[in-house]
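Read through the structure below, which is laid out as structure tokens, and then see the notes.
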Protein chains: 2
Amino acid sequence: MGIDTLDCKIIVQLMSNGRGTWSELATLLQISAPAVAERARRLQERGIIQGYAAQVDPRAVGLTLLAYVAVTLDRPEHRVGFLAWVQQTDAVQECHHIAGDGDYLLKVRCRDTADLEELVSNQLKGLEGIVRSRTTIVLSTVKETSRLPMPADAPERNSAN
Amino acid sequence: MGIDTLDCKIIVQLMSNGRGTWSELATLLQISAPAVAERARRLQERGIIQGYAAQVDPRAVGLTLLAYVAVTLDRPEHRVGFLAWVQQTDAVQECHHIAGDGDYLLKVRCRDTADLEELVSNQLKGLEGIVRSRTTIVLSTVKETSRLPMPADAPERNSAN
DNA sequence: CCTGAAAGATGATGGTT
DNA sequence: AACCATCATCTTTCAGG
């Protein structure tokens, strides 16, 4: 579970330029390219770096509608079916468990309100145990980044020089 | 504004394997590597692919707390200061405009409740024009992907074979 | 973690339909 | 106009230190 200063810098860099070459990073961090490659490989092996992804503009691929759906389940035994639906439904980008015993918050992306209606009114509300769902439509997105706050937030545990 | 079938396949692939080589993609799509590289380059040039990013496990870098904060502003003239704060604050990963005239939804990541308190009670509520803020703490995350739903959702406009 | 060499990927050029 | 093939250059990878 140790992440030193160098790992941190590698992570920060790869979060904003995930396709940069090891050589670039190497010159930036003043170490050799194989060292960077090895560290990046190990970070991924340890699950700290989970993967690399192209960041795509949703509107460019027809996904103009973004919404948050707060869902309330009545009983724990209905969770399984709900969670299975969440996993297999691509329009659901995120699902967070938020409250006492049956509240979830979904981030949903689709083309238009017709798609959203199909998703919420037909699919979601058709599941067992859905007590209530409140949908909040996003009018515009001011900021949306996958970069995690790291500068002063994650103090290094090892500072091996 | 045209995205054909090939572009779609490239996008889908790069969303789940953003560091794959052009050669790999080329053999997968049955075309040459330079063709893939050229298309990927143009997709990025057109802003459809906005960049590439390493996906990092937040908990591995000490970010164990995730929260959503719903903010209400009183007047439009206070928006500017608020939005500036949002942009410069790394802990705010997302900011969506959601309602009538002054409602925003923030996705906030930090280490613990102390950090969250500093962020919401000291920084956010210290801004001009903040009427109300309701914080929802996430207990656990069931699903969180940056992959956009594309399979049947974005029908190709050109299907040049 | 570094150096060096082999294997591979990228990027540019010219040619093809 | 888009794609393919080839070659020069750069990067990655693997050896050994």
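Below, read A as the first sequence line, B as the second, and so on, with proteins coming before strands; counting in each chain starts at 1.
As rounded to whole Å, 9 Å separates atom P of C:dA12 from atom CD of B:Glu38. In this structure, CZ of B:Arg39 is placed 18 Å from C1' of C:dG11, rounded to the nearest angstrom. B:Leu29 has its CG atom 11 Å from the P atom of D:dC3, to the nearest Å. Protein atom CD of B:Gln30 is 15 Å distant from nucleotide atom P of D:dC3, rounded to whole Å. Atom C1' of nucleotide D:dT13 and atom CZ of A:Arg42 are separated by 18 Å, given to the nearest angstrom. In this structure, the CG atom of B:Leu25 is 14 Å from the P atom of D:dC3, given to the nearest Å.
Checking D:dC3, C:dT3, C:dG11 against every side-chain atom of B:Trp22, the shortest atom distance belongs to C:dG11. Of the candidates D:dA5, D:dC14, C:dC2, C:dC2 carries the atom nearest the A:Ala35 side chain, counting heavy atoms from C-beta on. Relative to the side chain of A:Ile31, the nucleotides D:dC3, C:dC2, D:dT13 differ in distance, and C:dC2 lies closest. Closest to the side chain of B:Thr21, from the set D:dT11, C:dC1, C:dT10, is C:dT10. With D:dC14, D:dC4, D:dC3 as the choices, the nucleotide that has an atom nearest any side-chain atom of B:Ser32 turns out to be D:dC4. With C:dC1, D:dT11, D:dC3 as the candidates, the nucleotide lying closest to the side chain of A:Leu6 is C:dC1.
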Stepwise, does the side chain to side chain contact (heavy atoms under 4.5 Å, CB included) test hold for B:Glu38 with B:Trp22? CA-CA 10 Å; B:Glu38 171 68 6; B:Trp22 304 140; over 6 Å; no
Applying side chain to side chain donor-acceptor pair (under 3.5 Å), run through A:Glu118 and A:Gln123 and close with a yes or a no. CA-CA 6 Å; A:Glu118 155 67 18; A:Gln123 295 188 35; 3.2 Å; yes
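Taking a 6.0 Å sphere around CZ of A:Arg19, one finds it holds more than 12 heavy atoms contributed by other residues, nucleotides or ligands.
Side-chain contact between A:Ser146 and A:Met15: absent, with no pair of heavy atoms (C-beta onward) separated by less than 4.5 Å.
Within the 4.0 angstrom heavy-atom criterion, no nucleotide atom of any strand lies near B:Ala37. Using a 4.0 Å heavy-atom criterion, one finds that B:Arg41 contacts no nucleic acid atom at all.
Look at B:Ser23 and you'll find a side-chain N or O under 4.0 angstrom from OP1 or OP2 of C:dT10.
Under the salt bridge (charged side-chain N to carboxylate O under 4.0 Å, His left out) test applied with A:Glu94, the options B:Lys143, B:Lys107, B:Arg147 reduce to a single match, B:Lys107.
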